[in-house]
Amino acid sequence: MPADGVQKALGRLEAIVDAVKAKSGVPGIAVGVIHGGQPHYYCVGDRNLSLPKDKRQKVDKATVFQIASISKSISATLAARMMTYFQEQGNAVAIWEDPVVQFLGNSYHPTSDYVWERGTIGDYFAHRSGLPAAAGDDLEGLYYQRSDILLRLNQMPLDPFRVTYNYCNFGLTIGAEAIARAAGKPWEELGRDFLFNPLHMFATSYRYAEFKQRENRAALHSYDGTDFAPSPFPRNPDAQAPAGGVSSNVVDLVRWMDLLLALGRSDSKPALDIEQKFFVESVTPQSVNARSPVQNARSGCYGYGFNVGTGANGRMSMSHSGAFFVGAATAFHVLPDADAGIVVLTNGAPVGAAEAIVTEFMDIVQFGDVTRNNWYEIAHDHFMNFYKASGDLAGNLPPQKPNFPHPLAIYEGVYSSAYFGEAEVWANGDHLILQLGPRKLQFVLKRWDADIFQMDPGREFTAKGSLYSVRFALSGGRVTSMTAAYFNDNILGTFPFARPRGS
């Protein structure tokens, strides 16, 4: 690693950011770097494109962004701090190896008693609990609260325990909730009292309402595959706050990265008391999250809330990305051997910009120059997969001569699911309305063929052109169930008929 690698990278930082911004079109970017205890910042672009050009405010180092899944690494840091605190108080509870059942009881009970009895805080932070990828996210999209989601996860089929890596927001939230129960305080308060305030991270919060109160905050901007535009959809991640709910700015996150680096230095005292063993476990490989398809390439690994790995030069690193597809993308990378860390916050949906900036910067730190001239293009191509239309009917045309054997009224009724709750269906003109969730979200169901209807969940949930089926099963001239493909990723999207409307 070149001795002047960090200085070279700092010297080229502005050019890297400007080039990526020009290629990507991301509205605003804030970058923070820490090296040798000294912070460096570079910010460009606008906070909110919905304002007239002459009234737009520029992103600066104090601008608060929603940082999405970088929250997981912050939560792992808080978890290590709380474990240290418990130890200082002479209380041995709530370490990585403790089963969550000790603290959550029946407020979360997976389908397997074996997993319920043995699944540890660490298992959930490492995404190896067996919960499927994104389990519970569909309930969050319907506005269920955290406690309801954890209870309803008892319906979720599990993959092999401690063998399967499935990235799961509510899995990590379960681990964090166990620590909060042990402490006797909400997780959001623990973050404020034991991490943010002690580090003077006063712009940082786990609460969406506090983000909305910030005057200097970045608005979300969605992406249609070509351009960015102000997102019509807010993103309130309170239900999964430990996994994705933090809002912060680059000043505060540089302080946090400096703490991570200090925890690895033998000649310095970290700004916060965290026992080495608890932190080191969080940045030790616990799960294989990107298995190499060939024998002579490295696999990717996940610790407790951190991506961790060893680079081509043998240097250990810790990192994470974050994204809300309604309009935010973030990334950080800390390299202890270089005593350096970089964080990139953007107010646009993920297109690879944050990852490209981080990668180019760390390339120069480690190798003296970028190892590839197309890091943005590589990252961008990866993220474009998320903007492809989805659904079992996407790209298909309805039958030219459809057969509609039943009047719309036959499908009306209340359908019930142990996982999703009650769904109500009624006719409205030439289509059906499906109403679901605590806030009674409504989806339009248009006829497709026979007892099959088409549903576009909308841009808040899916990419343009997405189209899913809703199929009604009948027996003896009566509807017995409804299967909504959009809600059926984990085979929980079938709703048995419960009763007529109004009864």
Side-chain angles (χ1 to χ4, degrees), residues 66-77 79 96 100 108 110 115 119-141 146 149-150 152-153 156-178 235 237 239-246 282-293 298-309 317-326 328-333 349-350 352 354-355 358 379 382-388 390 461-462 489-492:
Q66 292 183 268
I67 70 171
S69 284
I70 291 180
S71 305
K72 293 178 174 66
S73 303
I74 289 176
S75 291
T77 311
W96 294 118
V100 299
Y108 165 68
V115 175
T120 66
I121 293 171
D123 288 326
Y124 287 92
F125 267 81
H127 303 298
R128 63 187 184 202
S129 69
L131 283 171
D137 286 4
D138 42 13
L139 296 178
E140 182 191 27
R146 185 184 307 169
I149 294 171
L150 298 195
R152 291 171 184 270
L153 287 175
M156 189 64 66
L158 299 180
D159 287 324
F161 178 50
R162 291 182 183 159
V163 175
T164 312
Y165 172 90
N166 286 328
Y167 189 82
C168 180
N169 291 311
F170 284 96
L172 189 140
T173 298
I174 287 166
E177 191 69 13
R235 181 63 172 92
Q240 56 156 285
V246 173
S282 71
V283 293
T284 298
Q286 304 289 343
S287 302
V288 176
N289 65 350
R291 197 173 300 277
S292 171
R298 294 181 302 277
S299 294
C301 295
Y302 202 86
Y304 295 145
F306 287 90
N307 286 306
V308 293
S317 67
M318 58 191 91
S319 63
H320 217 293
S321 290
F324 291 150
F325 284 91
V326 292
T330 62
F332 86 93
H333 190 124
E355 289 77 10
V358 164
H382 168 75
F383 280 104
M384 286 306 94
N385 292 319
F386 296 103
Y387 297 96
K388 294 179 180 178
S390 59
F461 303 102
T462 56
D489 279 350
N490 293 301
I491 322 177
L492 295 173

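Residue numbers start at 1 and run along the sequence shown. We use all heavy atoms of the structure for the numbers below, so side chains are in, but hydrogens, waters and symmetry mates are not.
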Within the distance-only criterion (no hydrogens, no angle test), does the side chain of [X] pair as donor or acceptor with the backbone N or O of [Y] below 3.5 angstrom?
| X | Y | result |
| --- | --- | --- |
| S287 | Y302 | no |
| S71 | P242 | no |
| S319 | H333 | no |
| S299 | V288 | no |
| R152 | L139 | no |
| S129 | L131 | yes |
| R128 | R162 | no |

Quiz item: cation-pi between R235 and F324, 6.0 Å / 45°: yes
Kindly indicate, with the supporting measurements, whether the criterion side chain to side chain contact (heavy atoms under 4.5 Å, CB included) is fulfilled by N166 and D159. CA-CA 9 Å; N166 286 328; D159 287 324; 2.8 Å; yes
Roughly how far, to the nearest 0.5 Å, is [atom2] of [Y] from [atom1] of [X]?
| X | Y | atom1 | atom2 | answer |
| --- | --- | --- | --- | --- |
| L172 | Y167 | CG | OH | 8.0 Å |
| E177 | Y108 | CD | OH | 13.0 Å |
| L153 | I174 | CG | CD1 | 5.5 Å |
| Y165 | N289 | OH | CG | 4.5 Å |
| I70 | T330 | CD1 | OG1 | 3.5 Å |
| S282 | W96 | OG | CH2 | 5.5 Å |

To check you understand the geometry: which heavy-atom pair defines the closest contact between [X] and [Y], and what is its length?
| X | Y | answer |
| --- | --- | --- |
| A239 | I149 | CB-CD1, 4.1 Å |
| G322 | A68 | C-CB, 3.7 Å |
| P350 | A328 | CD-O, 3.7 Å |
| V308 | M318 | CG1-CB, 4.4 Å |

With the side chain counted from C-beta on, respond yes when [X] and [Y] share a heavy-atom pair under 4.5 Å apart, and no when they do not.
| X | Y | result |
| --- | --- | --- |
| R298 | S292 | no |
| P110 | M156 | no |
| L492 | D138 | no |
| D137 | N169 | yes |
| Q240 | E140 | yes |
| Y124 | V100 | yes |

List the steps and the verdict of side chain to side chain contact (heavy atoms under 4.5 Å, CB included) for V358 and E355. CA-CA 5 Å; V358 164; E355 289 77 10; 5.8 Å; no
Step-by-step ring pair (Phe, Tyr, Trp, His ring centres under 6.0 Å) determination, F306 to F125: CA-CA 9 Å; F306 287 90; F125 267 81; 9.8 Å; no
Hey, mind stepping through C301 and Q286 against side chain to side chain contact (heavy atoms under 4.5 Å, CB included) and telling me if it holds? CA-CA 7 Å; C301 295; Q286 304 289 343; over 6 Å; no
Going by atom types alone, do S69 and K72 pair a side-chain donor with an acceptor below 3.5 Å?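 Yes - a donor-acceptor pair under 3.5 Å links their side chains.
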Any chance the side chains of H127 and Y304 put a donor and an acceptor closer than 3.5 Å?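 No.
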May I ask you to decide if the ring planes of F325 and Y387 are parallel, tilted or perpendicular, using 30° and 60° as cut-offs?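 It falls in the perpendicular class, over 60°.
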Hey, what's the ring geometry for F383 with F386, parallel, tilted or perpendicular (30° and 60° as the breaks)?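 The rings of F383 and F386 sit tilted, inter-plane angle from 30° to 60°.
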